[in-house]
2 protein chains.
Amino acid sequence: MKIALAQLNYHIGNFEANTAKILKSIADAKKDQADLIVFAELAIGGYPAKDLLRSTVFLDSCEQAIDTIAEACTDIACIIGAPIRNTSQKGKSLFNAALFIENGAVTHIAKKGLLPDYDVFDEYRYFEPAIDFSCLTFKGIKIALTICEDLWNMENINSYVINPIDMLAEENPSLIINIAASPFSYTHFEERKKILIKQAQTYKLPLLYVNQVGAHTDIIFDGRSLVFNEQGEQLLELAAFQEDLQYYEVGDSVAATPVDFSEIALIHQALVLGLRDYFSKSGFKKAVLGLSGGLDSAIVAALACEALGAENVFAVLMPSIYSSDHSIKDALDLVKNTGCKHQIIPIKDVANAFEHILAPTFQGLAADTTEENIQARTRGTLLMAISNKMGYILLNTSNKSEAAVGYGTLYGDMAGAISVIGDVYKTQAFALARYINREREIIPVNTIVKPPSAELRPDQKDSDSLPEYEVLDALLHGFIENEKSGSELVALGYNPALVQRIARLVNNAEFKRFQCPPILRVSPKAFGAGRTIPLVAKYPF
Amino acid sequence: MKIALAQLNYHIGNFEANTAKILKSIADAKKDQADLIVFAELAIGGYPAKDLLRSTVFLDSCEQAIDTIAEACTDIACIIGAPIRNTSQKGKSLFNAALFIENGAVTHIAKKGLLPDYDVFDEYRYFEPAIDFSCLTFKGIKIALTICEDLWNMENINSYVINPIDMLAEENPSLIINIAASPFSYTHFEERKKILIKQAQTYKLPLLYVNQVGAHTDIIFDGRSLVFNEQGEQLLELAAFQEDLQYYEVGDSVAATPVDFSEIALIHQALVLGLRDYFSKSGFKKAVLGLSGGLDSAIVAALACEALGAENVFAVLMPSIYSSDHSIKDALDLVKNTGCKHQIIPIKDVANAFEHILAPTFQGLAADTTEENIQARTRGTLLMAISNKMGYILLNTSNKSEAAVGYGTLYGDMAGAISVIGDVYKTQAFALARYINREREIIPVNTIVKPPSAELRPDQKDSDSLPEYEVLDALLHGFIENEKSGSELVALGYNPALVQRIARLVNNAEFKRFQCPPILRVSPKAFGAGRTIPLVAKYPF
């Protein structure tokens with residue numbers, strides 16, 4: 001039996017485009033004489049569709065799409081993920097299902113039993129968990145058809161009360177198929193692969209895994225669909241971060257060499273795809289961003305040029321009286337290296353006008369960060385004016401270290417439609433810049449080697465108010481990724497005064513992060529939907 | 001048996017303050033010779049604690065608080081809600097529990113079986129649902145102890161696979177106790193009461209219900225704890241929107257007159273409590289807001305003066321060249337009527353400076369909403385400067401109708417730490433203004449009767465670009481509260497072109513609302529955590 005793995009990039013709610021893409025893959029697989037084609041979890045409708053799953057019109061469109069696709073399934077069978085209505089009077093109104101379609105009709109439905117509700121997942125909001133599982137038989141081969149998390153009930157990973165694959169294994173299948181919508185993080189592919197290998201070995205069965213690819217605002221799918229034999233040896237790996245269609249012949253067992261990417265290479269590909277899909281799926285072409293001469297905006301500009309084309313990127317230099325000469329030169333070098341458009345708009349006159357009209361209100365009060373924030377908000381207003389007038393989308397350039405400690409101005413440099421590197425720590429940003437420069441200098445070397453500064457007051461350096469980024473990022477990783485409280489980090493050997501100070505900064509910035517743009521997610525724990533902290537609370541230390 | 005209902009206002013994560021408050025109620029109830037005191041769901045730790053429930057330190061603090069409270073439970077028993085650890089190897093790590101404490105020790109634990117995961121709820125993220133239920137016996141009385149949603153599996157309300165109260169009823173209890181953290185909306189009290197009455201009647205048992213009171217950023221608890229007899233007659237109703245401690249003597253059946261509030265009176269109380277708790281629980285005293293002379297900012301100013309005291313409210317008038325004389329006069333009348341502080345800062349010079357430095361970039365392009373947004377962002381920057389310099393908290397003054405159609409400027413009038421009336425439609429805002437004026441004129445009558453205008457260009461009126469608010473709000477209610485798609489609203493008789501236009505406005509504003517401040521929730525469907533719509537998607541119509 002020849003099975004096609006169809007790894008596609010869906011657009012949530014765009015039934016016309018998604019269905020056309022699915023039909024094209026079916027036609028291709030038929031031409032290549034495949035017996036079965038397998039699409040990802042929730043390929044119908046897209047994922048995460050969130051509360052669109054509560055719309056009757058959306059669900060009707062899902063059913064129409066299934067009908068259209070079923071009609072095309074002659075001389076080939078198909079497995080595809082879709083939300084389906086729960087026709088019982090009990091439980092949530094939907095199931096997260098894998099449909100098996102043969103001869104133009106759905107002949108088997110596998111429903112997801114393990115619904116992830118951690119991190120960015122909230123499937124229990126929409127779906128009733130299945131409790132019954134059974135295999136399907138196609139052309140004499142018994143298949144255990146499972147959906148993503150249904151394979152993830154494993155020691156030290158997740159613990160659920162039931163274990164669907166155990167229940168399916170009792171029927172003695174000869175193949176496991178898992179369809180997934182498993183988002184990227186720079187640690188997740190290895191974790192995912194380890195689990196799939198373990199399951200193939202545990203049940204001594206070949207395992208075919210089809211993932212989504214493509215980005216949906218913050219969530220990025222990396223694709224990299226996989227096939228293993230019953231020893232857990234890798235037979236196939238589909239493309240990373242792009243669509244792909246490949247075939248597996250049941251019984252075939254020629255091992256393939258696994259593809260290996262560095263962490264930074266993965267982050268780079270994820271961010272480029274995240275940016276590209278954000279624009280293409282929302283119907284925009286052009287981006288605007290502020291270019292300071294510093295590292296973060298240089299990286300975002302370089303990524304945007306790669307994702308959208310340099311001709312679609314407009315970099316705005318907005319020097320103040322505190323901007324150093326090298327900043328403007330470094331920014332202009334970046335412009336030259338990338339070929340993007342640019343303009344220089346000095347902000348002095350507006351900053352002065354603000355301070356002038358505020359003078360009566362602020363009489364007798366000393367200058368402080370207020371004046372720094374005015375500069376940042378002046379820049380934010382200029383960038384939004386260009387966005388409004390020209391229809392360009394504003395890219396946010398904050399990094400994760402800044403976002404964590406609140407080292408940024410709400411409505412100023414925290415503005416933007418999408419945060420490109422808000423899940424990339426500053427130490428990772430340095431590595432990313434060097435990676436971007438791997439073939440030629442795109443990000444000026446001086447931008448990488450000079451000491452980071454916000455340049456909001458004379459001779460300011462990040463290190464004036466923050467510890468060195470190596471120290472800071474390690475601590476932040478403890479707070480964010482490892483979800484440790486301050487006292488636990490002190491117990492791990494961190495300086496108590498430093499932990500106290502950073503914990504306070506992180507906590508005090510919750511209200512700012514609440515209002516920040518969506519962040520392209522590349523880490524196992526990004527700011528945003530995957531990390532919900534109450535704003536008005538006394539935080540544990 | 002004399003039972004105390006302790007309806008308290010908790011502060012999430014503030015174990016010291018919460019425990020002191022709980023101990024005080026226990027002492028009071030002991031003095032009044034109660035046999036049992038009942039606190040609300042998740043009184044320990046506070047609700048919604050969200051991802052703080054993932055902190056070991058937070059959970060340890062919960063256990064310490066339980067120990068301290070248990071020690072005080074001599075000569076009185078206690079029922080209190082707390083998150084407790086799941087000691088089994090299977091399932092989520094916590095249960096949402098009701099502890100029964102007697103003679104200094106926890107002697108019975110009821111675990112929640114029905115975990116709400118709709119609207120603002122995400123309990124499945126943290127808790128394992130219980131599947132076993134049993135009654136407890138205290139002083140010869142068998143009690144069916146349940147937690148909030150466990151009573152809510154009812155036809156036309158929610159449908160769950162199991163029904164805990166049915167299972168408990170098989171043990172023939174003689175009293176139902178339900179502890180809850182049931183958030184306010186202006187329709188919810190009546191719905192809740194109907195369900196409780198129905199359950200008392202169905203099981204022919206007296207029912208005692210203890211709710212939380214108090215606000216946690218967006219979520220507001222209204223209290224109004226209740227007792228019914230076995231006929232479903234109301235015996236007791238605790239205070240609305242404030243702490244209360246009252247007693248029920250088992251067997252007592254003197255009916256009480258139910259308290260009746262108008263919808264607007266409820267919204268008014270909820271918003272005042274929401275504002276007051278936002279400030280007191282985050283440790284701030286003073287508020288700043290922009291006062292335009294229009295309805296929305298006048299209402300927010302009046303509510304803030306009531307919640308915080310007029311001496312803690314700073315109103316800033318920021319007229320532009322498009323501001324009418326009556327706007328300034330109306331704003332000053334409001335200042336006089338409330339007694340709050342104020343200052344006038346004309347924005348002309350800054351708006352001019354912006355247009356001047358943008359002139360080269362905008363050469364040859366016509367004036368449009370960009371220039372209007374610059375005015376709004378100039379005001380936002382001024383208000384944030386005052387907030388930064390003086391430590392005042394910026395109140396957002398957008399209403400729900402504006403927020404729905406995107407009639408507002410991101411980082412401009414959409415700025416603020418908390419949105420006070422972002423869940424109040426414009427038509428409700430008129431009613432709220434009249435309610436605020438019920439005893440004397442606080443909001444100037446001219447502010448209420450003049451046609452609404454953003455005054456961002458000459459002679460602008462809201463009705464230039466939006467339908468009349470009665471029409472708009474009815475349509476928005478269909479989209480938001482009733483979750484209808486456009487075609488369903490057309491089928492209900494709305495004008496197709498209008499529906500299409502408003503649907504597009506609502507959809508296009510999703511990205512703005514993603515970045516708006518938390519909104520005090522008063523409706524059954526507020527913007528925010530209770531309504532999650534993907535930003536990059538094709539929306540169903």
Side-chain angles (χ1 to χ4, degrees), chain A residues 11-14 49-52 54-55 57-58 89-91 117 122 124-125 159 161 216-217 278 281-282 343 345 349-350 353-354 357-358 361-362 365 369-370 373-374 377 380-381 384-386 388-389 411 415 417 483 485 487 511 514-515 517-518 531-540, chain B residues 11-14 49-52 54-55 57-58 89-91 117 122 124-125 159 161 216-217 278 281-282 343 345 349-350 353-354 357-358 361-362 365 369-370 373-374 377 380-381 384-386 388-389 411 415 417 483 485 487 511 514-515 517-518 531-540:
Chain A
H11 182 192
I12 295 166
N14 193 341
K50 296 183 179 272
D51 281 5
L52 299 186
R54 299 173 57 84
S55 155
V57 172
F58 184 91
Q89 298 305 307
K90 295 278 182 189
D117 227 56
D122 59 354
Y124 197 75
R125 183 173 174 90
S159 71
V161 171
H216 306 274
T217 317
Y278 181 87
K281 291 179 182 175
S282 55
Q343 197 134 20
I345 308 179
D349 292 351
V350 171
F354 268 123
I357 67 172
L358 277 165
T361 312
F362 289 173
L365 298 172
T369 52
T370 305
N373 287 329
I374 287 174
R377 293 196 178 103
T381 300
M384 286 306 293
I386 291 167
N388 292 159
K389 183 75 88 188
Y411 320 135
E483 301 183 83
S485 299
S487 54
F511 86 99
F514 186 92
Q515 296 186 45
R531 183 178 173 278
T532 61
I533 306 289
L535 298 192
V536 172
K538 191 155 183 257
Y539 299 108
Chain B
H11 182 192
I12 295 166
N14 194 340
K50 298 182 177 273
D51 280 6
L52 299 187
R54 298 174 57 86
S55 156
V57 172
F58 184 90
Q89 298 305 308
K90 295 276 182 189
D117 228 55
D122 60 353
Y124 198 73
R125 184 173 173 90
S159 71
V161 171
H216 306 273
T217 318
Y278 181 86
K281 290 179 181 175
S282 55
Q343 197 135 20
I345 308 179
D349 292 350
V350 172
F354 267 123
I357 66 171
L358 277 165
T361 311
F362 289 173
L365 298 171
T369 51
T370 304
N373 286 329
I374 287 174
R377 293 196 179 102
T381 300
M384 286 304 294
I386 291 167
N388 292 159
K389 184 74 90 188
Y411 320 135
E483 299 182 86
S485 297
S487 55
F511 88 97
F514 186 92
Q515 297 186 43
R531 182 177 174 280
T532 61
I533 306 288
L535 298 193
V536 173
K538 192 156 182 259
Y539 299 108

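Letters A, B, ... are given to chains in the order of the sequence lines, protein chains preceding strands, and every chain is numbered from 1. Computation of the quantities below employed the complete heavy-atom set of this structure, encompassing side-chain atoms and omitting hydrogens, waters and symmetry-equivalent molecules.
Heavy-atom pairs under 4.5 Å with chain A were tallied for B:R377, B:K90, B:E483; the largest tally goes to B:R377. Note: A:Q343 leads A:K281, A:H11, A:Q343 in heavy-atom pairs under 4.5 Å with chain B. Among B:Y539, B:F514, B:F354, B:F511, the residue making the largest number of heavy-atom pairs under 4.5 Å with chain A is B:F354. Most heavy-atom pairs under 4.5 Å with chain B, from the set A:T361, A:T369, A:I533, A:I386: that is A:T361. Looking only at heavy-atom pairs under 4.5 Å with chain A, the residue among B:A353, B:P534, B:G13 that has the most is B:P534. Per-residue heavy-atom pair counts under 4.5 Å with chain B were compared for A:L52, A:N388, A:I12, A:D51, and the maximum is reached by A:D51. The residue among A:S485, A:A417, A:S282 with the most heavy atom pairs within less than 4.5 Å of chain B is A:S485.
Of the inter-residue distances, the one linking A:I357 atom CD1 with B:D349 atom CG reads 7.0 Å to the nearest 0.5 angstrom.
The nearest pair of heavy atoms linking B:A49 to B:F58 is CB-CZ, 3.7 Å. Heavy atoms only, all atoms of each residue included: B:T532 and A:K50 are closest at O-CB, 3.2 Å.
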Exercise. Walk me through it: do A:V350 and A:T381 pass the test side-chain contact (heavy atoms from CB on, under 4.5 Å)?
Key: CA-CA 10 Å; A:V350 171; A:T381 300; over 6 Å; no
Self-check item: Residue pair A:T370, A:L365: steps toward the side-chain contact (heavy atoms from CB on, under 4.5 Å) verdict
Solution: CA-CA 11 Å; A:T370 305; A:L365 298 172; over 6 Å; no
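With a threshold of 4.5 angstrom between heavy atoms, A:F362 approaches chain B through side-chain atoms but not through N, CA, C or O. Proximity to chain B (any heavy atom under 4.5 Å) is shown, for A:A385, by both the backbone and the side chain.
For the pair B:D117 and B:R125, the salt-bridge criterion is not met [side-chain N within less than 4.0 Å of a carboxylate O].
Taking the six-membered ring where the residue is Trp, A:Y411 and B:Y411 present tilted rings, their angle falling between 30° and 60°.
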